[in-house]
Amino acid sequence: MANNGQPPRRPRPGPWPPAPDPTPAPAPLSWAKRTGFKGRVSGESNASNSGQIALPRPKEPGSNLDLEAGSRDNVATPLPPPPGAAAAAVAVNGEPENRAGGGGGGAVPLPADQTARKSRDSDGGNKSAGSGPNGQVVRFDEPSRHRREEETVTLPQLEEDEEGFPSRQVHIKYELRDSPGLVPIVFYGFQHFLSIIGSLILIPLVLVPAMGGNYEDTSALVSTVLFVSGVTTLLHTLFGTRLPLIQGPSFVYLAPALAIINSPDFQGLNENNFKHIMKELQGAIIISSAFQAIMGYTGATSLLLRLINPVVVSPTIAAVGLSFFSYGFTQVGNCLEIGMMQILLVIIFSLYLRKIRIFGHRIFLIYAVPLGLGVTWAITFLLTESGVYNYKGCDINIPASNTLSAYCRKHVPRMKHCRTDTSHAIKSSPWFRLPYPLQWGTPVFSWKMAIVMCVVSIIATVDSVGTYHASSLLVASRPPTAGVLSRGIGMEGISSILAGLWGTGVGSTTLTENVHTIAVTKMGSRRAVELGAVILILLSFVGKVGGFIASIPDVMVAGLLCFMWAMLAALGLSNLRYSETGSSRNSIIVGLSLFFSLSVPAYFQQYGLVPNANSSVPSYFQPYIVALHGPFHTGYKGIDFVLNTLLSFNMVIAFLVAAILDNTVPGSQQERGVYVWSEPEAARREASMTRDYELPFKVGKVFRWVKWVGL
């Protein structure tokens, strides 16, 4: 209204001193809000040239949040401001939008998430805000944002609640305690296991030939792995962390298993190699699993957690995948056209066709491995039946060394690797098989092999800690407490004891691929995983299923392993998203860890090795015979075996280098990306978290006195 030229009236002075403000003081910011830490589920931050990170635009109403699409609009809507938050001033174009308290000359900056929200609401959304790596606010105008729309692709990131914990992702269709109904739960449970089937079946296909076993042994071992995986998954979802995580044979245990298989103790065996070596593996796995269970249930894992951070987890897990490079393409080259077709199909399905939806599901992305295997197998079968791999006068059943014709000596190996009818596993497998404990015989215990496996169980624990954290951010209300995490590690130890008793050849642990599977399938229901585990147990009783898997040509297995090991390395490095990836400290630590994880084992593997002196061992298994010629010669063969073997493992070197550097080089918690676990007191007060992690059947009451494994 007009004031008719009169000077404005001065407000009447109030009482002095002024009455206290009835608005309650804001709660102190948590560590994550003070430091600007943002936990991310997938993707990397978009860094500008100045090293500052741009916040994504808010999700438009009705848009479909998609973790894998990578769309700029697919971003979770920021949380509403906490009640009682104090007003603060934020400068836009040099003018303060608001002032707090009326006094003082300086403006108090808002937290990064509130600043972004306030700038979006003011001026019709003409300004946009960003957050730097340490929570500082970055502003850029609307035209520049439009110019960079095609360049900047931001994947969803987690928002934080008032206590500093990342909130759940809204893109998950079914969260931890959801039960979608009988029919959908059967479908999703089977889908979850089928999408991760490569991790379950490929290890037996590598171990059995290395141990001198035949197709019948492979079929029986595959059935055993399926049975133990189903049982241990049920145990973990019921009495472990209770997260929807599949348990199974881990690639972490594959390298030590191959080292034990190629140890000097078994070089002179002529018969029953498979069962004899399997009994040695069982004994080592049982002892190391007992060590892991004790470490979990006594709370010793909580001490180990102080050393385990994303900068340690990332190179350690990446080194597991990179360590098998000598096996992958070496085997693919035995039949190059089939192996390359297998690799290319999986790449096409998982990358180029990943956005194609069929009935609302990304079939090609979810089932990239089984689809690639099925298509390659079908094409190879047609080539075999059409006579492409028929060579006149050559018999595949006659060894190449016994063949007089040079023509056949050249082509018999090709026939063996390229044809699909070389295996008799399906015909020889029974329809019903019941895996039972000690089916290979009584385990043999050796202290030197047990020590090697005990050290590897620590690496498996590091792997599981990263998987627990990442999966809990996807499906649970909060990250687990240190007690729940210790309980999960203890249950993994018990699961590996079962794997040793049944004889799977390797320990059972949480598969790293779980995080990728949950993110892609958007299914985090515990009930679905439990039902899928029951289906897996039932399938293990059908002997023909194991025979069918055992008949997969080894070239296709090698092609799949190339993809799986590359995926494992990528999943390991993706843990860096919880830390400041642009930090020179972290970059140097990760770079040194990865380099020395390749260089130091190469020194041990090549030390004293005479070319062609070990021709009986295939070239791709040469890295695992280091106990024969390693640099350590103390006079005690057992000590030499332990030292030479452990220091030839890429993952052990990566863990040692990363753990030492990350815990001795100064760095802030935000820079290091220290894992944030829930506090037990807060967990007991929050009903949703209690329902997420509390043990069923009132078992939790029995363990209430054991505080280090309780909720």
Side-chain angles (χ1 to χ4, degrees), residues 190 193-231 248-249 272-275 277-278 281 331 334-335 338 342 367 369-385 389 396-397 415-441 499 502-506 508 532-561 564:
F190 185 73
F193 278 85
L194 185 61
S195 63
I196 209 170
I197 193 66
S199 301
L200 297 176
I201 67 172
L202 293 180
I203 288 182
L205 301 183
V206 175
L207 282 182
V208 176
M211 298 163 68
N214 52 32
Y215 295 113
E216 288 78 8
D217 297 327
T218 304
S219 175
L221 186 58
V222 168
S223 297
T224 303
V225 166
L226 297 180
F227 176 80
V228 172
S229 179
V231 171
N272 294 326
N273 293 24
F274 172 77
K275 289 187 177 181
I277 298 175
M278 178 60 76
L281 287 173
Q331 286 287 76
N334 290 328
C335 186
I338 301 301
Q342 176 72 87
Y367 305 116
V369 170
L371 279 177
L373 176 62
V375 173
T376 305
W377 207 343
I379 294 175
T380 308
F381 175 78
L382 294 177
L383 293 176
T384 301
E385 293 300 318
Y389 298 117
I396 196 174
N397 296 317
M415 295 172 63
K416 179 180 178 181
H417 293 293
C418 295
R419 296 177 65 91
T420 58
D421 57 356
T422 59
S423 172
H424 304 286
I426 298 180
K427 296 180 180 179
S428 60
S429 299
W431 277 102
F432 178 79
R433 174 183 282 118
L434 179 63
Y436 56 92
L438 308 181
Q439 57 186 333
W440 314 116
W502 262 261
T504 60
V506 293
S508 178
V534 173
I535 296 175
L536 202 66
I537 293 173
L538 296 177
L539 288 176
S540 69
F541 297 150
V542 183
K544 294 296 184 183
V545 173
F548 176 77
I549 295 174
S551 63
I552 300 176
D554 54 359
V555 172
M556 297 183 194
V557 172
L560 291 178
L561 285 172
M564 297 299 298

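Numbers here simply count residues along the sequence, with the first being 1.
At a threshold of 4.5 Å between non-hydrogen side-chain atoms, the residues S199 and M564 count as touching. M211 is listed as a side-chain neighbour of L281, based on a closest heavy-atom distance under 4.5 Å. Put simply, the side chain of L194 reaches to within 4.5 Å of the side chain of P370, judged on heavy atoms. Using a 4.5 Å cut-off on side-chain heavy atoms (C-beta onward), L200 and F193 make contact. Two residues are said to be in side-chain contact when any heavy atoms from C-beta on lie closer than 4.5 Å; L383 and R419 fail this criterion. Using a 4.5 Å cut-off on side-chain heavy atoms (C-beta onward), R433 and V542 make no contact. No side-chain heavy atom of T504 sits less than 4.5 Å from a side-chain heavy atom of P249. The shortest side-chain heavy-atom distance between S229 and L536 falls under the 4.5 Å cut-off.
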Evaluate the criterion ring-ring contact (aromatic ring centres under 6.0 Å, His included) for residue pair W502 and Y436; output intermediate values, then yes/no. CA-CA 6 Å; W502 262 261; Y436 56 92; 8.9 Å; no
Check the pair S195 / F190 against side-chain contact (heavy atoms from CB on, under 4.5 Å), numbers first and verdict last. CA-CA 9 Å; S195 63; F190 185 73; over 6 Å; no
Test side chain to side chain donor-acceptor pair (under 3.5 Å) on S219 and S429; report intermediate values, then the result. CA-CA 7 Å; S219 175; S429 299; 3.0 Å; yes
Given T380 and M556, is the side-chain contact (heavy atoms from CB on, under 4.5 Å) satisfied, shown in steps? CA-CA 10 Å; T380 308; M556 297 183 194; 3.3 Å; yes
Show the numbers, then the answer: is there a side-chain contact (heavy atoms from CB on, under 4.5 Å) between L205 and D554? CA-CA 8 Å; L205 301 183; D554 54 359; over 6 Å; no
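The CD1 atom of I426 sits 10.5 Å away from the CD1 atom of I549 when rounded to the nearest 0.5 Å. Taking CE of M278 as the reference point, atom CG of D217 lies at 8.5 Å (rounded to 0.5 Å). Atom OG1 of T420 is separated from atom CD of E385 by 6.5 Å, given to the nearest 0.5 angstrom.
For CZ of F541, the number of neighbouring non-hydrogen atoms (other residues, nucleotides, ligands) closer than 6.0 Å is greater than 12. Atom NZ of K544 sits in a crowded spot, with more than 12 heavy atoms from other residues, nucleotides or ligands closer than 6.0 Å.
Considering every non-hydrogen atom in both T384 and C418, the closest pair reads OG1-O, 4.1 Å. Nearest approach of P204 to V225, heavy atoms of both residues: CG-CG2, 3.7 Å. Of all the heavy atoms in G547 and A425, the pair that sits closest is O-CB, 3.5 Å. In terms of heavy atoms, C335 sits closest to Y389 at SG-OH, 4.3 Å. In plain terms, the two heavy atoms of S540 and P435 that are nearest each other are O-CD, 4.3 Å.
Side chains of T224 and Q439: a donor on one and an acceptor on the other come within 3.5 Å.
When I201, L373, I552 are each tested for a side chain to side chain contact (heavy atoms under 4.5 Å, CB included) with L560, only one passes: L373.
A side-chain donor-acceptor contact under 3.5 Å links Q342 to the backbone of G372.
Aromatic ring pairs are classed by plane angle as parallel below 30°, tilted from 30° to 60° and perpendicular above 60°; the pair F274 and W440 is perpendicular.
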